[in-house]
Amino acid sequence: MIGHTAANAATDATTESNSFTDIRLSPTELRGSIALEHRQFFQSGSEGQETAQPSLVLAPEWYWDIDGLWREGESAFALSPFFRWDGMDDERTHGDIREALYLYYHDNWELRAGIGRVFWGVTESQHLVDVINQTDAVESVDGEDKLGQPMVQLSYFSNWGAVDAFVLPYFRERTFAGKDGRLSVPGVDPDKALYESSRKQQHMDVALRYSHSFSLEEMSAWGTGIWDLGVSYFHGTNRDPYFVVVDDLTYPLIPFYAQMDQVGLDVQALWGDWLWKAEALRRWSWDDHTAFTGGFEYTFIGVGWGEEQHIWDVGVLAEYLYDSRGSDAPVVGQNDLFVGLRWVLNDIAGTEVLLGVSQDLDDSDSRTGRIEASSRFNDAWKWHLNAWFFEANDSHDPVYVYRRDDMVTMKVSYYF
């Protein structure tokens with residue numbers, strides 16, 4: 001993603017002109033990654049899918065300075081395509097433009113136009129308020145990967161905070177794994193998607209967000225508290241589809257994209273070794289509801305045993321997930337507790353490990369777990385390991401569709 005660093009890269013402009021014929025595009029940076037990935041499942045899928053899923057990922061990034069578009073200010077352009085070839089699932093073999101953004105920055109104003117990605121949220125277990133981009137669900141089960149979103153974003157920065165306004169002229173439908181793929185929702189036909197709006201994918205969505213970072217002196221015995229606050233509003237097409245049941249034995253579920261209004265709040269506070277996090281929303285749609293995720297992370301610095309001290313940091317995480325729809329909620333976190341452990345070695349290789357488990361407090365037989373680990377071989381090569389397990393016995397539980405999808409993913413990436 002481009003931001004102030006990309007804008008600052010344009011400060012060497014020597015020619016100014018309002019004429020588009022005088023624009024000089026010169027590549028200032030080319031970078032990206034190529035990755036070989038392998039998913040290994042521990043048993044065949046619920047529809048008889050195979051256990052081995054190899055794939056190859058290409059994710060280049062180009063940055064350009066732009067001179068001559070405006071007489072004042074700084075301009076840049078960024079392009080970030082994404083390509084994946086998958087050996088099991090044709091639906092997971094896909095390409096996307098994650099970002100194709102023109103950026104103009106002058107004084108306290110910033111303009112972004114094109115295709116971009118925006119992230120909102122602070123919690124570890126899920127991101128309730130992150131509503132700008134659509135989920136690229138064939139990439140990962142955690143919803144962290146997003147499709148590029150056509151947008152115009154205007155931002156204003158001051159000492160009292162930042163205001164971001166968005167116009168989103170086109171809607172992206174969620175991706176789903178195919179019949180031969182894993183981590184799929186059986187019976188979904190995304191090609192027959194329905195919409196509440198008569199404009200369908202051309203509905204004009206809008207969003208507004210205020211954010212501010214500030215400190216409060218002597219908040220407690222822990223010392224100064226550093227706060228990050230975000231308040232957001234969204235009006236438009238719900239990124240989370242409902243599913244309409246139809247009389248078709250092959251594809252009985254059709255995604256339905258309703259309209260919604262959402263007010264969101266995200267707060268993060270740092271006091272000493274404590275990091276407190278919370279996200280909350282109120283959404284008005286087909287099923288009006290309130291949701292909340294909140295908790296803490298406490299970090300032990302320089303962990304060691306006996307007389308031996310290390311430079312390791314060990315963080316303990318706990319978050320509570322609530323959804324007012326209760327057991328009818330089509331999401332995992334309706335009354336759940338997430339606990340985790342983050343281990344940061346602070347070594348040259350940048351090794352980190354995260355362990356986490358989410359337990360449904362209404363159903364002792366429903367839980368999910370994950371392991372995330374990464375480290376560098378050298379400046380150009382890095383390895384990643386992700387593992388997931390799923391346990392559920394109730395067919396109405398959203399986790400139930402993944403009950404046979406326990407897996408380990410290994411990825412080796414080359415960065416250029």
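- Using a 3.5 Å distance cut-off with no hydrogens or angles, the side chains of D228 and S213 do pair a donor with an acceptor.
- With hydrogens and angles disregarded, no donor-acceptor distance shorter than 3.5 Å links the side chain of D261 to the backbone of W284.
- Although no hydrogens or angles enter the test, the distance criterion places a donor-acceptor pair under 3.5 Å between the side chain of T123 and the main chain of Q126.
- Every residue meeting the ring pair (Phe, Tyr, Trp, His ring centres under 6.0 Å) condition with F82, not counting sequence neighbours, appears here in chain and number order: H94.
- Side-chain polar atoms of Y320 and D336 form no donor-acceptor pair below 3.5 angstrom.
- Between the side chain of S158 and the backbone N or O of G161, at least one donor-acceptor pair lies under 3.5 Å.
- A donor and an acceptor atom, one from each side chain of T237 and Q259, are located under 3.5 Å apart.
- With hydrogens and angles left out, the side-chain atoms of S366 and D397 include a donor and acceptor closer than 3.5 Å.
- With sequence neighbours excluded, no residue satisfies side chain to side chain donor-acceptor pair (under 3.5 Å) with S46.
- Between the side chain of Q359 and the backbone N or O of R367, no donor-acceptor pair lies under 3.5 Å.
- Each side chain to side chain donor-acceptor pair (under 3.5 Å) pair with one or both residues in residues 374-389, not counting sequence neighbours, appears once here: T351-S375.
- For R174, the side chain to side chain donor-acceptor pair (under 3.5 Å) criterion is met by Q134, D240, not counting sequence neighbours.
- For the residue pair N335 and D323, no side-chain donor N or O sits within less than 3.5 Å of a side-chain acceptor on the partner.
- In this structure, W227 and W271 have perpendicular ring planes: the angle between them is above 60°, well past the 30° mark.
- Side-chain atoms of Q201 and Y170 include a donor-acceptor pair closer than 3.5 Å.
- Counting heavy-atom neighbours within 6.0 Å of D90 CG, excluding the residue itself, gives a total of 12 or less.
- Side-chain N or O atoms of R117 include none that pairs as donor or acceptor with a backbone N or O of G148 at under 3.5 Å.
- Salt bridge annotation for R283-D288: absent, with no cationic side-chain nitrogen under 4.0 angstrom from a carboxylate oxygen.
- For the 3.5 Å distance criterion, the side chains of D360 and Q334 qualify, holding a donor opposite an acceptor.
- The backbone N or O of S125 lies less than 3.5 Å from a partner atom in the side chain of E319, making a donor-acceptor pair.
- Residues Y102 and S75 bring a donor and an acceptor atom of their side chains to less than 3.5 Å of each other.
- Classification of R182 and E50 as a salt-bridged pair fails, no side-chain N sitting under 4.0 Å from a carboxylate O.
- The closest donor-acceptor contact from the side chain of D86 to the backbone of S55 lies at 3.5 Å or more, if one exists at all.
- The pair R342-E352 does not count as a salt bridge, with every side-chain nitrogen at least 4.0 angstrom from each carboxylate oxygen.
- A salt bridge is defined here as a Lys NZ or Arg NE, NH1 or NH2 lying under 4.0 Å from an Asp or Glu carboxylate O, and D136 with R98 meets this definition.
- Sorted by first then second residue, the ring-ring contact (aromatic ring centres under 6.0 Å, His included) pairs that include residues 29-56, not counting sequence neighbours, number zero.
- A donor-acceptor contact shorter than 3.5 Å is absent between the side chain of S358 and the backbone of F338.
- Every residue meeting the ring pair (Phe, Tyr, Trp, His ring centres under 6.0 Å) condition with W109, not counting sequence neighbours, appears here in chain and number order: Y156.
- Ring pair F243/F176 is perpendicular by interplanar angle, where above 60° counts as perpendicular and below 30° as parallel.
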Requested in this report: Test R239 against D205 for salt bridge (charged side-chain N to carboxylate O under 4.0 Å, His left out), laying out the working first.
Outcome: CA-CA 11 Å; R239 271 54 179 159; D205 300 344; 2.7 Å; yes

**Report entry** Candidate pair Y195 and Y257, rule ring-ring contact (aromatic ring centres under 6.0 Å, His included), full reasoning
**Finding:** CA-CA 5 Å; Y195 291 85; Y257 295 98; 5.4 Å; yes

Query - Steps toward salt bridge (charged side-chain N to carboxylate O under 4.0 Å, His left out) verdict (R403, E391) - result: CA-CA 6 Å; R403 66 195 182 281; E391 185 175 349; over 6 Å; no

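- Across all non-hydrogen atoms, the minimal contact from I301 to D273 is CG1-OD1, 4.1 Å.
- The pair R84-D89 does not meet the salt-bridge criterion, since no charged nitrogen lies less than 4.0 angstrom from a carboxylate oxygen.
- A salt bridge links E29 with R31; the closest basic N to acidic carboxylate O contact falls under 4.0 Å.
- In this pair, W160 and Y210 present their aromatic rings parallel. The plane angle is below 30°, not in the 30 to 60° band.
- Summarising the geometry, atom CZ belonging to F171 is positioned 9.5 Å from atom CG belonging to L147; distances are rounded to the nearest 0.5 Å.
- Side-chain N or O atoms of R92 include one that pairs as donor or acceptor with a backbone N or O of V138 at under 3.5 Å.
- Residues A52 and Q40 approach most closely at CB-OE1, 3.9 Å, considering heavy atoms.
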